[in-house]
Amino acid sequence: MSILDNLNENQRKAAEIIEGPLLILAGAGSGKTRTLTYRIAHMIKEKNIEPYFILAVTFTNKAAKEMKERVESLVGIEGEKVMISTFHSFGVRLLRMYAKYIGYDSNFGIYDSDDQLSIVKRILKEIGREINLTPNKIVSIISKAKEDGITPEEFEEKRVFFHDYKTIAEVYKRYQKELLKNNSMDFSDLLIYTNKLLDIEEVKEKLQNRYKYIMVDEYQDTNDIQYQIVTKIALKYRNLCVVGDEDQSIYGFRGANIDNILNFEKDYKDAKVIKLERNYRSTEIILEAANSVIKNNTTSKGKKLWTDKKSKDLITVYEAKNGIDEAYFVAHNIIKNVDNGRNYREFTILYRTNAQSRIFEEVFLKHNLPYKIFGGMQFYQRKEIKDILAYLNVINNPNDDVSLLRIINVPNRKIGARTIEKIRDIQYKKGISLFETLKYIEEATSVRSNTKNSIIELYNFFKTLIEEKEFLSVTEIFDEVIEKTRYLDSLEEEVRVENVLELKNSIIEQETRENNIQLSEYLENISLVSTTDNLEENQDYIKLMTIHNSKGLEFPVVYLVGMEEDIFPGKKVEFDDKELEEERRLCYVAITRAEEKLVITYANERNIYGRIDSFRDKSRFLDEIPMNLLKYINRKEEKTIIKKEKSKKIENFNPFSLKNKGLFNVGDKIYHNKFGNGIIKNIEENKRLIIKFKYEEKKIAIAVAEKVLKKI
DNA sequence: AGGGAATGCGTTTTT
DNA sequence: CGCATTCCCT
């Protein structure tokens with residue numbers, strides 16, 4: 001009797017080999033996480049390996065959390081001692097301990113892409129040189145260089161691709177300096193500096209001796225730096241198990257290097273290789289479609305998924321007239337299936353780009369279908385939330401100029417652009433942080449005394465909190481910020497107030513769950529959450545997300561929408577076969593998310609930037625699926641269903657009186673001067689319209705609405 | 001300093 | 001088309 005009796009033959013082999021290098025090639029849905037968790041349980045329970053010696057690295061926090069729970073349920077409380085985390089969280093932990101080795105303070109902050117952008121914009125202004133690239137592009141060029149392990153100096157030497165390389169190198173150099181000065185790191189730095197730490201003999205040895213058994217999940221999506229980190233730690237004991245699927249490598253744009261997995265056997269000549277090819281997720285037809293698409297790639301190692309899950313359901317294909325028709329089709333198809341006994345939670349819409357979600361959102365609102373969009377504009381990226389977090393960042397890390405600049409005049413303190421320039425002049429002369437400069441405001445000429453007062457007031461406010469932060473809980477600090485700055489009073493929209501209060505709730509929730517965390521810990525936690533981390537399985541709504549976000553997940557019914565050339569694959573593939581192969585892998589990922597049913601749609605006509613683009617081609621990937629697996633739905637046939645369903649739905653859900661019938665209906669698109677375009681979501685007691693605008697929901701009395709709203 | 005109009009740009013994908 | 005940035009006006 002062994003704990004491994006619960007695995008199939010190959011899974012078991014993979015779990016039993018715990019010494020030496022091991023490559024597990026695990027196809028989609030082949031029970032990869034299961035194999036890993038049982039492998040860990042086997043090590044602890046049956047091989048008497050100390051949990052403390054085991055390190056497992058995953059791609060997302062959600063995956064880490066899931067694996068932790070599953071390990072703990074197999075081995076009990078001991079499982080807590082296994083280190084299961086993402087590369088980034090693992091790095092942060094280490095960096096906090098050894099920050100001083102690389103010139104940082106241990107309370108360093110973490111910058112997101114917004115912060116990166118504002119730094120780059122400022123640097124561009126400072127050097128004032130002409131460059132025909134947008135700040136956004138420059139950020140992504142720099143990030144890519146960093147993920148590829150290219151230093152600013154190397155960037156200049158290599159002078160590849162860009163004729164503006166000199167300027168970019170200059171920006172890159174200053175950018176790195178700025179981050180160091182701000183005692184902050186971006187996402188790439190978390191990896192780069194972790195890797196650097198491992199060049200210190202003392203640190204390296206300590207880690208090598210601790211993590212005698214290492215597992216890396218989603219190995220096909222590791223980048224060069226992550227590769228080096230793993231290689232260095234595993235060097236001594238060589239008990240390295242990597243799990244992945246070269247066909248699911250979809251993060252090349254972020255520096256992921258598919259060669260890491262392809263070359264594993266070259267790196268470790270004595271590596272054992274196990275293939276997991278039995279799929280427990282999808283039906284035969286779905287798998288055949290996936291296999292026939294991916295076989296067009298040259299990088300595939302040749303592995304063929306199989307299953308005994310039979311089904312007569314072919315893959316449904318719908319050719320829509322245009323984007324709206326496509327969304328209607330999906331909505332009505334879902335309604336039809338719900339009537340036949342399915343739940344909303346069983347449906348997921350997958351698309352290539354976030355922008356595609358909009359039209360589905362509109363149509364779902366119109367039909368009163370519950371849905372949730374993952375990704376796109378996140379909670380923590382909203383203006384009001386970022387403002388509050390900027391305050392907390394400055395308190396946690398007073399060197400954080402970026403955060404201070406963000407809120408120095410929010411709420412309005414009459415500290416305008418001119419005044420800020422003057423403060424900065426003083427700062428550059430003194431070579432200190434922006435925060436410390438505030439107290440020298442007296443040295444500035446021609447700044448109004450009112451303004452000077454409010455600067456001193458701001459300085460004292462921060463000073464007090466910085467000194468007291470260790471004695472205060474995060475909630476108390478939050479309350480103090482809200483109260484003293486009167487931030488809520490400055491907000492005009494009710495929803496923004498609600499969001500800030502929601503933020504407070506989440507702080508309280510985290511503090512109770514983790515027993516009073518430090519401010520720096522809290523800020524770190526929220527920097528590293530990913531979009532699908534908060535996916536809740538038991539709530540009944542339709543899920544919408546990009547294919548990238550769907551990685552590692554599975555759903556009963558998948559709608560793969562926007563299957564058109566120039567969207568999927570995107571435009572870029574014309575110039576680059578490598579890009580095309582990555583897009584094809586993305587398509588493979590999308591298809592293999594589906595358990596029971598897959599529906600593919602494309603449109604002949606679509607609005608792009610407000611312009612109509614007719615005669616669009618369906619995706620070449622669709623042509624790579626054999627015809628006998630596909631069933632095209634006749635448009636006429638569907639239309640009649642659409643009509644019937646539509647009237648039925650609206651009558652069922654929204655009975656409203658004759659009084660307002662002629663004016664406003666649920667589903668109407670309207671325009672408001674201040675809030676922009678919106679859609680009427682509901683009508684409350686015949687008195688108020690509930691309107692969904694882009695970022696908020698508003699209630700407007702009908703009498704008022706008649707005056708301020710325009711139907712469009 | 002702040003509001004409003006005019007302009008210009010964008011789509012990959014994210015830890 | 002929607003958003004952000006800029007510029008011009010008060």
Side-chain angles (χ1 to χ4, degrees), chain A residues 57-64 85-92 110-114 116-118 121 125 132-137 139-140 143-144 146-147 185-191 218 221-223 225-226 249-256 323 350-359 374-378 381 383 409 412-420 448 450-451 524 527-533 545-552 562 566-573 579 582-583 585-587 589-590 606-613 671 673-674 676-677 693-695 712:
Chain A
V57 187
T58 60
F59 194 71
T60 63
N61 289 299
K62 182 173 190 273
S85 116
T86 62
F87 272 105
H88 291 86
S89 308
F90 177 75
V92 171
I110 300 169
Y111 281 163
D112 66 9
S113 49
D114 260 19
Q116 290 183 293
L117 190 64
S118 73
K121 276 181 185 163
K125 227 177 237 168
N132 58 356
L133 286 164
T134 61
N136 260 313
K137 286 242 170 69
V139 169
S140 69
S143 290
K144 180 74 165 45
K146 291 180 77 168
E147 300 273 332
M185 300 189 195
D186 63 20
F187 284 116
S188 321
D189 285 335
L190 297 178
L191 302 176
E218 309 277 14
D221 278 323
T222 51
N223 65 27
I225 307 163
Q226 291 166 329
S249 169
I250 55 172
Y251 281 96
F253 70 92
R254 204 172 80 186
L350 297 182
Y351 36 76
R352 179 65 242 271
T353 65
N354 279 307
Q356 290 168 263
S357 66
R358 188 183 212 112
I359 189 157
F374 295 87
M377 172 78 102
Q378 246 77 83
Q381 285 171 21
K383 187 195 163 298
N409 198 32
N412 193 342
R413 301 186 176 86
K414 299 275 188 305
I415 305 172
R418 283 289 298 133
T419 311
I420 292 173
R448 268 189 269 250
N450 276 356
T451 309
E524 169 189 320
S527 308
L528 298 177
V529 291
S530 76
T531 52
T532 48
D533 283 353
M545 64 184 83
T546 62
I547 302 166
H548 282 91
N549 263 324
S550 75
K551 181 177 172 172
D566 292 353
I567 291 183
F568 193 21
K571 265 215 161 75
K572 240 184 162 178
V573 301
E579 294 270 356
E582 178 145 321
E583 294 278 306
R585 291 193 291 269
L586 195 55
C587 182
V589 169
R606 199 176 280 279
N607 273 355
I608 300 207
Y609 303 141
R611 235 166 263 278
I612 292 172
D613 174 24
Y671 174 80
N673 256 331
K674 184 161 173 195
N677 289 344
F693 291 102
K694 177 127 206 257
Y695 293 116
I712 50 174

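Within every chain, numbering begins at 1; the chains are lettered A, B, ... in the order of the sequence lines, protein sequences first and strands thereafter. Side-chain atoms are counted along with the backbone in the values below, which use heavy atoms only and exclude waters and symmetry mates.
- Taking a cutoff of 4.0 Å between a charged side-chain nitrogen and a carboxylate oxygen, A:E582 and A:R585 qualify as a salt bridge.
- Between the side-chain ring of A:Y251 and the base of B:dT14, no stacking contact exists by the 5.5 Å and 30° definition.
- In this structure, A:S113 reaches neither bases nor backbone, as no heavy-atom distance under 4.0 Å exists between it and the strands shown.
- Regarding A:N354, its CG atom lies at a distance of 11 Å from the P atom of B:dT11, rounded to whole Å.
- Between the P atom of B:dG3 and the CG atom of A:N409 lies a distance of 11 Å, rounded to the nearest Å.
- Separating the OH atom in A:Y351 from the CZ atom in A:R358 is a distance of 12.0 Å, to the nearest 0.5 Å.
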For this session: Check the pair A:L190, A:L528 against side chain to side chain contact (heavy atoms under 4.5 Å, CB included), reporting the backbone distance first and the verdict last.
Result: CA-CA 11 Å; A:L190 297 178; A:L528 298 177; 4.1 Å; yes
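- Mapped onto DNA chain B by nearest heavy atom, A:R254 and A:Y609 fall at different nucleotides, with A:Y609 at the one closer to the 5' end.
- Counting to the nearest Å, the P atom of B:dG10 and the CD1 atom of A:I608 are 15 Å from each other.
- For the pair A:R611 CZ and C:dG2 P, the computed distance is 14 Å after rounding to whole Å.
- Straight-line distance from the NZ atom of A:K62 to the P atom of B:dT14: 16 Å, rounded to whole Å.
- Separation of atoms CZ (A:F187) and OH (A:Y111) is listed at 13.0 Å; rounding is to 0.5 Å.
- When each of B:dA1, B:dT15, B:dC9 is scored by its nearest atom to the side-chain atoms of A:T419, the top-ranked nucleotide is B:dA1.
- Residue A:K121 places its side chain closer to C:dA4 than to any other of C:dA4, B:dT15, B:dC9.
- Closest-nucleotide positions on DNA chain B for A:G416 and A:L586 were compared, and the one nearer the 5' end corresponds to A:G416.
- Ranking B:dT13, B:dT15, B:dC9 by closeness to the A:T86 side chain, first place goes to B:dT15.
- In this structure, the separation between CZ on A:R448 and NZ on A:K414 is 9.5 Å, given to the nearest 0.5 Å.
- Side-chain nitrogen and oxygen atoms of A:N136 include none within less than 4.0 Å of the OP1 or OP2 phosphate oxygen of B:dG10.
- Following rounding to the nearest Å, A:K137 (NZ) and B:dG10 (C1') show an atom-to-atom distance of 8 Å.
- Summarising the geometry, the separation between CG on A:L528 and C1' on B:dT14 is reported as 12 Å, rounded to the nearest angstrom.
- Using C1' as the reference atom, B:dT11 and C:dT6 are 23 Å apart when rounded to the nearest Å.
- Nearest to the side chain of A:R358, among B:dC9, C:dC3, B:dT15, sits C:dC3.
- Nucleic acid contact class of A:F59 (heavy atoms, under 4.0 Å, all strands): sugar-phosphate only.
- Heavy atoms of A:I359 sit nowhere under 4.0 angstrom from any nucleic acid atom.
- The interatomic distance linking A:L117 (CG) with B:dG10 (C1') rounds to 14 Å, in whole Å.
- Judged purely by distance below 3.5 Å, without hydrogens or angles, the side chains of A:S527 and A:E524 never pair a donor atom with an acceptor atom.
- The phosphate of B:dT14 has OP1 or OP2 within less than 4.0 Å of a side-chain N or O from A:T546.
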